[in-house]
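No experiment lies behind these values; they were computed from the predicted model shown. Excluded from the calculations below are hydrogen atoms, water molecules and symmetry mates; all remaining heavy atoms, backbone and side chain alike, are included. Letters A, B, ... mirror the listed sequences (proteins, then strands); counts begin at 1.
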Number of protein chains: 2
Amino acid sequence: MVKNTDIRTAFEQVMAEDHEIPAKQKQVLAASLALFAEQGFANTTTKQIADRAGVAEGTVYRRYKTKDELLAALLKPMVTTVLPRLMGEFAQQVATMQDLTRHQLLAALIKNRAAFLAENWQVGKVLINEMLIQADLRQAVIQNAGPIIQKTLYPILDQLRAQHELTALPNDMVCQFIIGTMLTNVMRANLQGDFALFDQRIPYLIEFLDQGLAPK
Amino acid sequence: MVKNTDIRTAFEQVMAEDHEIPAKQKQVLAASLALFAEQGFANTTTKQIADRAGVAEGTVYRRYKTKDELLAALLKPMVTTVLPRLMGEFAQQVATMQDLTRHQLLAALIKNRAAFLAENWQVGKVLINEMLIQADLRQAVIQNAGPIIQKTLYPILDQLRAQHELTALPNDMVCQFIIGTMLTNVMRANLQGDFALFDQRIPYLIEFLDQGLAPK
DNA sequence: CATAAATGAGTGAGCACTCACTTACATAAA
DNA sequence: TTTATGTAAGTGAGTGCTCACTCATTTATG
């Protein structure tokens with residue numbers, strides 16, 4: 001059985017690789033993420049970060065020289081390292097199951113990645129927010145996430161289509177529909193302020209996607 | 001034939017009702033919206049607004065006493081007046097067509113409202129951004145948009161279901177899927193920075209939704 | 001000529017960021 | 001086991017700058 005690292009662990013590992021970050025620095029990163037998610041990056045002061053981290057303001061600036069660097073330190077590893085790893089692990093996991101039906105694949109994908117999405121909605125919020133504003137960040141995300149999706153998801157979809165289990169719609173549209181359906185679900189849960197709803201609706205998502213992506 | 005007001009006109013009407021707003025004030029509103037969409041609300045200074053509007057900084061403050069009031073002036077009519085009116089018009093338009101098939105309804109809905117979405121993506125961006133940050137704005141949107149959707153879309157869906165043309169999934173999920181599919185399409189177009197793609201993909205959206213929302 | 005609209009230099013509050021200094025810790029000599 | 005010493009981590013009062021907002025004055029309008 002392939003191990004399926006969760007995000008928290010993966011993020012910790014990435015941080016650990018970065019030459020032993022001291023405890024207070026991790027508190028700073030955690031406090032930053034929490035506050036950015038709650039209030040937005042631009043509305044969060046470095047004093048607030050220091051206070052929530054239980055740290056002096058100067059400490060916030062020890063490792064990262066500007067507030068922007070701090071933001072980048074949170075977002076970049078998420079996009080360039082954590083996400084690829086998690087997608088790769090999913091692909092491996094699927095590869096071990098032979099002759100999946102469309103329904104089985106979707107159920108596996110959604111249950112697996114939906115949990116990921118919900119757990120990391122904090123980062124997701126911040127990422128979406130900044131992507132709406134910064135064109136260069138959009139570019140960076142496209143150039144990282146795009147290839148990952150193509151490498152991990154497209155082969156699976158192609159195989160499924162060869163078994164006459166999948167719609168003839170282009171792969172990129174299939175991915176758009178799957179990802180979009182999941183993303184919408186988190187956003188609605190966030191809108192309603194109740195993440196229990198998120199889980200309850202998952203069976204509906206699977207049923208809808210299963211039917212919508214069936215071959216004619 | 002029912003007139004289908006576009007957003008710009010509707011917005012102008014709402015503004016006109018507000019007791020004759022002078023030309024320069026409209027320039028301020030337009031400049032604000034453009035800048036908020038480009039850079040985000042928090043990253044936009046009142047000086048920038050004044051410059052783009054071709055106006056002194058004091059003028060920005062004549063009608064709206066704070067920057068937040070200015071934002072509210074842009075978002076509130078959109079949510080409370082413009083959106084309801086446009087949804088109402090769509091419902092009326094659909095009501096005139098008897099015995100719609102699911103495909104016809106979806107095609108009408110998506111072509112109609114997708115154009116709306118694309119045209120107003122500027123406001124949409126700002127709205128999404130602020131909703132991710134302000135809990136009270138989320139509340140306001142829910143309490144306005146929710147009932148509108150229920151009143152305009154649910155009856156149409158119920159009728160369709162009575163004709164055995166629609167899935168048994170709950171109405172709120174059907175709406176989630178329709179809206180989410182459209183929203184995802186704008187967001188991807190925005191991500192790729194090419195709104196021509198938005199239109200090209202519409203036939204795919206219709207095909208996917210038509211199939212996904214068919215009865216078993 | 002009265003009232004509303006517009007101006008833009010000015011103001012003070014709050015913010016990101018700095019830096020001289022203190023504390024914690026590791027290694028090693030006494 | 002103490003003491004010395006170098007290095008990295010942490011501190012928080014201080015600084016200068018940006019920005020939202022004001023107001024005395026000027027300009028348009030009916």
Side-chain angles (χ1 to χ4, degrees), chain A residues 12 15-76 126 129-130 133-134 136-137, chain B residues 12 15-76 126 129-130 133-134 136-137:
Chain A
E12 293 290 330
M15 291 212 312
E17 284 160 18
D18 261 349
H19 307 294
E20 291 297 329
I21 296 179
K24 293 212 173 180
Q25 296 296 333
K26 290 189 187 180
Q27 288 167 29
V28 168
L29 286 173
S32 301
L33 179 56
L35 285 166
F36 292 168
E38 279 170 32
Q39 316 177 333
F41 172 74
N43 303 316
T44 301
T45 69
T46 50
K47 184 66 168 52
Q48 283 180 308
I49 295 172
D51 285 349
R52 182 167 302 193
V55 135
E57 212 176 338
T59 308
V60 174
Y61 285 90
R62 175 145 289 281
R63 184 164 296 259
Y64 307 105
K65 286 177 288 298
T66 66
K67 205 181 144 197
D68 286 278
E69 266 187 47
L70 191 52
L71 176 65
L74 289 168
L75 296 186
K76 205 188 135 198
V126 180
N129 233 305
E130 296 308 313
I133 288 167
Q134 300 180 31
D136 53 341
L137 185 60
Chain B
E12 293 290 330
M15 291 212 313
E17 285 159 17
D18 260 349
H19 307 294
E20 290 300 329
I21 295 179
K24 293 212 175 183
Q25 296 296 334
K26 290 189 186 179
Q27 288 167 28
V28 168
L29 286 173
S32 300
L33 179 55
L35 284 166
F36 292 168
E38 281 170 31
Q39 315 176 334
F41 172 73
N43 303 315
T44 301
T45 69
T46 49
K47 184 65 168 51
Q48 284 180 308
I49 295 173
D51 285 348
R52 181 167 302 192
V55 133
E57 210 175 338
T59 307
V60 175
Y61 285 90
R62 173 145 287 284
R63 182 165 298 261
Y64 306 105
K65 286 177 288 296
T66 67
K67 203 181 145 197
D68 287 279
E69 265 188 45
L70 190 52
L71 176 65
L74 290 169
L75 295 187
K76 205 189 137 198
V126 180
N129 232 305
E130 296 307 314
I133 287 166
Q134 299 180 33
D136 53 341
L137 184 61

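Using a 4.5 Å heavy-atom cutoff, the side chains of A:Thr59 and A:Gln25 are in contact. Residues B:Phe41 and B:Lys67 are in side-chain contact: their nearest non-hydrogen atoms beyond the backbone lie under 4.5 Å apart.
For the salt bridge (charged side-chain N to carboxylate O under 4.0 Å, His left out) test, residues two or more places apart in sequence or in another chain that qualify with B:Lys47 are B:Asp51. B:Glu38 is linked by a side-chain hydrogen bond (donor to acceptor under 3.5 Å, both in side chains) to B:Arg52, counting only residues two or more places apart in sequence or in another chain. Take B:Glu57 and apply the side-chain hydrogen bond (donor to acceptor under 3.5 Å, both in side chains) test, not counting sequence neighbours, and it matches B:Thr46.
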For residues 68-76 of chain A, tabulate all N or O donor-acceptor pairs below 3.5 Å that involve a side-chain atom, not counting sequence neighbours.
unit_1, atom_1, unit_2, atom_2, d
A:Glu69, OE1, A:Lys65, N, 3.4

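Distance, A:Gln27 CD to D:dA9 C1': 13 Å, rounded to whole Å. Here the P atom of nucleotide D:dG10 and the CG atom of A:Asp51 are 16 Å apart, to the nearest Å. Atom NZ of A:Lys24 is separated from atom P of D:dA8 by 19 Å (rounded to the nearest Å). Between B:Asn43 atom CG and C:dC15 atom P there is a gap of 15 Å when expressed in whole angstrom units. One interatomic measurement links the two molecules: CZ of B:Arg63 to C1' of C:dA4, which rounds to 11 Å at whole-angstrom precision. Look at NZ on A:Lys26: it is 15 Å from C1' on D:dA9, rounded to the nearest Å.
A:Gln25 has a side-chain polar atom (N or O) that falls below the 4.0 Å cut-off from OP1 or OP2 of D:dG10.
Counting any heavy atom pair closer than 4.0 Å across all strands shown, B:Val60 reaches no nucleic acid atom.
Annotation for A:Tyr61 and A:Thr66: closest pair CE2-CA, 4.2 Å, computed over non-hydrogen atoms.
One axis for each end of the helix from C:dC1-D:dG30 to C:dA30-D:dT1, each built from five base pairs, and the angle between them comes to 10° at 10° resolution.
The structure places CG of A:Leu29 at 6.0 Å from CD1 of A:Ile21, a figure rounded to the nearest 0.5 Å. For the atom pair CD of A:Gln39 and OG1 of A:Thr44, the computed distance is 4.0 Å after rounding to the nearest 0.5 Å.
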Letter per nucleotide, 5' to 3', of nucleotides 13-30 of chain D [B base touched, S only sugar-phosphate touched, - untouched; heavy atoms, 4.0 Å]: ------SBBB--------

